[in-house]
2 protein chains.
Amino acid sequence: MRIKDELKQDAIIQATVKLVNEIGFVSSSVAKIAREANVSPATIYIYYKNKEDLLVSTYVDIKQKLSEALLKNFDESKPFRDILKTVWLNGFEYVAKNIKHYQYAEQFSNSPYSDLVDHVKVEKHFEPMLKVLQKGIDQKVIKNVPHEMLAAFIFYPMMILSNPKLCKTLELSNENIEQAFTLAWDAIKF
Amino acid sequence: MRIKDELKQDAIIQATVKLVNEIGFVSSSVAKIAREANVSPATIYIYYKNKEDLLVSTYVDIKQKLSEALLKNFDESKPFRDILKTVWLNGFEYVAKNIKHYQYAEQFSNSPYSDLVDHVKVEKHFEPMLKVLQKGIDQKVIKNVPHEMLAAFIFYPMMILSNPKLCKTLELSNENIEQAFTLAWDAIKF
DNA sequence: ACAATAAATGAATGATCGTTTAATTTAGAC
DNA sequence: GTCTAAATTAAACGATCATTCATTTATTGT
């Protein structure tokens, strides 16, 4: 029996991310993705049920890796502020190194394709972080406000600042990243 | 001579926003938009050069109205914090009342269609706000950090919190909106 | 070496795409 | 009331779409 070529599947994913970034979902046909990945259009249907499945799977894949990256060196025993800062720096590092994947995810999550994703499952990897936030609230280290509100002032500004499409002129020097963290911390601290 | 039917153009724009929200750019064909607007596909080409022009014009239109809404009751003579709060409340009001238009804009700006927009022109309406921010910096009322960074902690959290797609469980009560503003202000104040 | 099996493919499918064209309708000028 | 010019349209264009199918290719177990 012949086995699936792992390189081939990876090539399909990379081609999908590249094309969707450059020409959008509208123009990224199965034929073009296949050509970019150097496979036959029919090959894509061996790995994925249909085009929609390809796009959704690619998104879930990226989100999973983003979650893992954010929680790198996660150590619940450290001081609360340090935990948050580690996540903060991890975020900038991930986006800087995986800008195409990040932008694919942003485009995807703002499109109706997003409705096809099981968000509960995707966000499950982020639970340790939510637990820590709650601990910070209980210990009166950070403000007692809903988690969404905290996220809106920690994780989203991070994502926006590291998105070169939105922040064209802002240089992401260590100094600027530190400074931005000060703002985030001032927002949520008790 | 017969004159263009203003109602017809408006119907086309509303149909575009509705369909792009519900089924995305990919599935929103000219034929479907025309059917939704109760006009012939050819009619769309009287008002717009092509499909791309329709989508871009719709976006610019929405952005223009958002800018106007944010700067409602803008009064440079008021205390800095009050100016900011007015903009903050305006933002929540606009998104709540125009959720479909807002989500169209979000989907658009995260897609490669965004590259076709003259962003300098679009953001020009927002200049009064930037001037006020600079005044706040000069008077040491808010932190001396790049404008993008300030925006990331004021305007973007506002947009995220008011987006029901992102904040499914957070009720947008006056209390929550006030509380969120406290976080924003704590982030940027000197 | 060969049979078995699944991966991989090129070509073809009918449907739908954006856009154009030629004909028709409509509202105002005289 | 008729003429005129622009608005509007239905129908048709070739191109491209997602997907399928019959066939070939590559790899494994014997």
Side-chain angles (χ1 to χ4, degrees), chain A residues 1-60 104 107-108 111-117, chain B residues 1-60 104 107-108 111-117:
Chain A
M1 184 187 83
R2 194 172 168 186
I3 59 158
K4 284 188 190 178
D5 188 343
E6 288 287 335
L7 295 176
K8 216 151 256 179
Q9 170 150 30
D10 196 58
I12 292 169
I13 295 174
Q14 298 307 323
T16 303
V17 172
K18 179 164 190 272
L19 278 186
V20 168
N21 263 288
E22 289 173 2
I23 60 177
F25 286 120
V26 177
S27 306
S28 297
S29 65
V30 174
K32 285 181 191 165
I33 292 171
R35 202 176 310 133
E36 176 75 32
N38 280 316
V39 298
S40 160
T43 304
I44 290 177
Y45 289 84
I46 295 168
Y47 293 87
Y48 302 96
K49 217 167 63 234
N50 49 35
K51 187 187 178 183
E52 191 177 281
D53 183 32
L54 165 63
L55 299 177
V56 172
S57 298
T58 300
Y59 172 76
V60 173
Y104 176 94
Q107 191 174 170
F108 183 98
S111 79
Y113 284 127
S114 180
D115 298 339
L116 304 169
V117 175
Chain B
M1 183 186 79
R2 195 174 166 187
I3 58 160
K4 282 189 190 179
D5 187 344
E6 288 288 337
L7 295 177
K8 218 151 254 178
Q9 171 150 29
D10 197 57
I12 293 169
I13 295 174
Q14 298 306 323
T16 302
V17 172
K18 178 164 190 272
L19 279 185
V20 169
N21 262 288
E22 289 173 1
I23 61 177
F25 286 119
V26 177
S27 305
S28 297
S29 64
V30 175
K32 286 180 190 164
I33 292 171
R35 202 176 311 134
E36 176 75 32
N38 280 316
V39 298
S40 159
T43 303
I44 291 178
Y45 288 85
I46 296 167
Y47 293 89
Y48 301 97
K49 217 168 60 236
N50 50 35
K51 187 188 177 182
E52 193 176 280
D53 183 34
L54 164 64
L55 298 178
V56 172
S57 299
T58 301
Y59 172 76
V60 172
Y104 176 95
Q107 191 175 170
F108 183 98
S111 79
Y113 284 128
S114 180
D115 298 339
L116 304 169
V117 174

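Straight-line distance from the CG atom of B:Asp53 to the P atom of C:dG18: 14 Å, rounded to whole Å. Here C:dA8 presents its C1' atom at 16 Å from OH of A:Tyr48, a figure rounded to the nearest Å. For B:Tyr45 and C:dT20, the OH to P distance is 7 Å, given to the nearest whole Å. For the pair B:Phe25 CZ and C:dC17 P, the computed distance is 16 Å after rounding to whole Å. Summarising the geometry, the separation between NZ on A:Lys49 and P on D:dT20 is reported as 12 Å, rounded to the nearest angstrom. The nearest whole Å value for the distance from the CG atom in A:Leu7 to the P atom in C:dA7 is 16 Å. Distance B:Glu52 CD to C:dG18 P: 12 Å, rounded to the nearest Å.
Looking at every heavy atom in both residues, A:Tyr48 comes nearest to A:Asp53 through CA-OD2, 3.5 Å. The two atoms that bring B:Phe25 and B:Val20 nearest to each other are CE2-CG1, 3.6 Å, heavy atoms only.
B:Tyr45 has its side chain within reach of B:Val30: a pair of non-hydrogen atoms, C-beta onward, lies under 4.5 Å apart. Here the side chains of B:Leu54 and B:Tyr47 are not in contact, with every heavy-atom distance at 4.5 Å or above. Taking the side chain as every heavy atom from C-beta outward, A:Lys32 and A:Ile23 approach each other to under 4.5 Å. The side-chain heavy atoms of B:Phe108 and B:Val117, taken from C-beta on, include a pair separated by under 4.5 Å.
With sequence neighbours left out, the side chain to side chain donor-acceptor pair (under 3.5 Å) criterion links A:Gln107 to no other residue.
Ring to ring, B:Tyr113 and B:Tyr59 are not that close: their centroids are 6.0 angstrom or more apart.
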What protein N or O atoms touch nucleotides 12-16 of chain D N or O atoms at under 3.5 angstrom, if any, and at what distances?
none

Between protein and nucleic acid, restricted to nucleotides 8-10 of chain D and to nitrogen or oxygen atoms under 3.5 Å apart, what atom pairs and distances do you find?
residue	atom	partner	partner atom	Å
D:dT8	OP2	B:Tyr47	OH	2.8
D:dT9	OP2	B:Ser40	N	3.2
D:dT9	OP2	B:Thr43	OG1	2.2

